[in-house]
Amino acid sequence: MKTLRFSWRASLLIWLATRLMPRERREWADAMNAEMHYLPHDVTFSWAAGCLVAALKQRFAPMHTGNFRINRWVFLLETLGFFGPATLAWWEFAFGPSGAAYFGSKMFAMHFQNLPLADQYMLGLHAAHAVTGLIAPMGLFLGLRYVIRDRALDNRLLGYALIAAPVLQTTAGIIGVIGFGVEPLLPGIFLLLIVLPVAGIVHLMYLGKAVALPPADARLAAG
Amino acid sequence: MQRVRRSSGQTLSLLRSLMDRPRSWHHGYELSKGTGLVSGTLYPILTRLSDRGYLEHKWLPPQEAGKPPRHVYRLNALGIAYAKEQFEITDEAGIEATGTVSRA
């Protein structure tokens with residue numbers, strides 16, 4: 001059976017499959033790619049499409065086993081989703097028209113003097129968020145660093161400090177709700193400003209841990 | 001006693017194909033034609049069998065000029081024993097390897 005050079009569509013699909021295949025599985029991508037050269041021309045496209053599916057399965061396989069070592073490009077989405085909105089909120093708190101910078105120096109003191117205790121407390125929490133909310137821009141930076149340079153958060157102390165800040169602020173918020181009658185945060189805001197950034201930092205710390213390859217992958221890596 | 005897990009219909013089909021000539025090397029397209037599995041199903045199963053230590057694979061030098069080396073596969077002794085065990089389980093359960101069995 002005569003074999004012909006495959007089409008650009010098939011070439012594109014097999015190229016994508018090779019790129020998407022995890023590094024430790026590269027031999028299998030090469031195998032699928034090599035097999036293409038021995039196929040009849042009319043089946044190369046469907047073969048290449050299948051190879052792309054196979055690569056995607058390999059790419060997503062770790063997610064089925066509770067392994068959170070996800071691909072860096074998937075982590076880019078997580079970074080933007082987990083830290084992006086919180087970074088914008090932090091910017092608003094710190095520099096925006098209603099933020100802590102606006103309340104700087106005399107303005108801040110004036111507002112504090114004229115407000116009832118609960119509002120003073122609330123304002124204090126807002127101002128504190130200018131500091132504790134740093135988890136968001138720092139998380140954004142660290143997340144993007146991981147995506148670009150494959151370097152996760154390996155400084156445990158920094159990780160714990162970043163997590164501790166919003167946890168302390170949450171504790172202060174709970175005290176405010178119980179002790180001073182301030183309005184609790186809306187669940188959606190709590191999720192965006194506290195839960196997602198903390199989850200993102202925890203994930204970055206997890207990715208920063210050294211990993212031992214399972215025996216099968218170690219064999220593959222060793223060739 | 002450890003319970004033996006039953007493989008999927010696709011895996012059984014592939015095992016049968018590999019067991020037709022267990023000492024011969026098989027390439028991907030041949031296995032695909034023999035089993036009716038598309039590459040998107042075939043390669044993940046081959047990878048899984050390899051990970052579990054049932055499959056040997058190697059690169060064959062090209063038979064024709066201008067073509068790359070070809071990846072070929074065969075079951076090792078452990079894989080042959082595993083295949084036989086799976087066939088027994090399937091025969092006992094009276095299930096055909098049609099791809100409708102619960103996945104491994």
Side-chain angles (χ1 to χ4, degrees), chain A residues 1-6 10-11 13-14 16-18 20-62 64-65 67 213-223, chain B residues 5 7-8 10-11 13-14 17-18 24-79 82 99 102-104:
Chain A
M1 196 181 296
K2 192 181 178 185
T3 56
L4 300 168
R5 195 174 184 281
F6 30 90
S11 302
L13 289 178
I14 200 73
L16 274 175
T18 308
L20 282 170
M21 189 69 88
R23 237 176 305 182
E24 64 273 16
R25 300 282 193 206
R26 191 51 61 88
E27 185 185 1
W28 291 94
D30 293 341
M32 295 189 297
N33 196 347
E35 197 66 23
M36 284 269 289
H37 293 79
Y38 293 89
L39 302 181
H41 183 66
D42 57 342
V43 298
T44 51
F45 181 77
S46 58
W47 183 268
C51 294
L52 181 60
V53 172
L56 286 169
K57 283 180 181 175
Q58 295 298 329
R59 172 60 69 192
F60 287 105
H64 298 307
T65 58
N67 184 343
L213 281 173
D217 287 342
R219 273 204 312 276
L220 280 174
Chain B
R5 201 172 174 191
S7 293
S8 68
Q10 291 100 330
T11 305
S13 179
L14 180 60
S17 193
L18 288 164
S24 304
W25 292 97
H26 307 264
H27 54 73
Y29 185 52
E30 174 197 340
L31 292 171
S32 176
K33 278 201 300 185
T35 58
L37 297 175
V38 294
S39 54
T41 306
L42 175 70
Y43 279 97
I45 298 174
L46 286 171
T47 310
R48 197 160 57 232
L49 290 174
S50 172
D51 285 352
R52 292 178 185 172
Y54 299 142
L55 194 74
E56 292 177 54
H57 51 84
K58 68 171 184 178
W59 290 97
L60 273 187
Q63 303 294 314
E64 299 170 46
K67 298 224 169 170
R70 204 169 189 183
H71 212 221
V72 288
Y73 319 93
R74 73 178 179 190
L75 292 171
N76 58 20
L78 197 64
Y82 173 73
S102 62
R103 292 176 65 85

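Reminder, nothing fancy here: chain letters follow the sequence lines and each chain counts from 1. Atom set for the values below is all heavy atoms of this structure, side chains included, hydrogens, waters and symmetry mates excluded.
- Taking OG1 of B:Thr47 as the start and CE of A:Met21 as the end, the distance is 6.5 Å to the nearest 0.5 Å.
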For the pair B:Asp51 and A:Arg25, evaluate side-chain contact (heavy atoms from CB on, under 4.5 Å) and give the outcome as yes or no after the intermediate values.
-> CA-CA 11 Å; B:Asp51 285 352; A:Arg25 300 282 193 206; 2.5 Å; yes
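- To the nearest 0.5 Å, atom CD of residue A:Glu27 and atom CH2 of residue B:Trp59 are 6.0 Å apart.
- Of the inter-residue distances, the one linking B:Arg70 atom CZ with A:His37 atom NE2 reads 11.5 Å to the nearest 0.5 angstrom.
- Listed here is the closest heavy atom pair of A:Trp28 and B:Ser50: CZ2-CB, 3.7 Å.
- Note on ring orientation: taking the six-membered ring where Trp is involved, the planes of B:Tyr29 and A:Trp47 are perpendicular (angle over 60°, cut-offs 30° and 60°).
- The NZ atom of A:Lys57 sits 8.5 Å away from atom CZ of B:Arg48, with the distance rounded to the nearest 0.5 Å.
- Using a 4.5 Å cut-off between heavy atoms, A:Asn33 makes no contact with chain B at all.
- The parts of B:Pro62 that come within reach of chain A are both its backbone and its side chain, each placing non-hydrogen atoms under 4.5 angstrom from that chain.
- Of the inter-residue distances, the one linking A:Leu39 atom CG with B:Ser39 atom OG reads 8.5 Å to the nearest 0.5 angstrom.
- In terms of modelled atom types and a separation under 3.5 Å, the side chain of B:Lys67 and the main chain of A:Tyr38 share no donor-acceptor contact.
- Scanning all heavy atoms of the two residues, the minimum distance from A:Ala31 to B:Tyr43 falls at O-OH, 4.2 Å.
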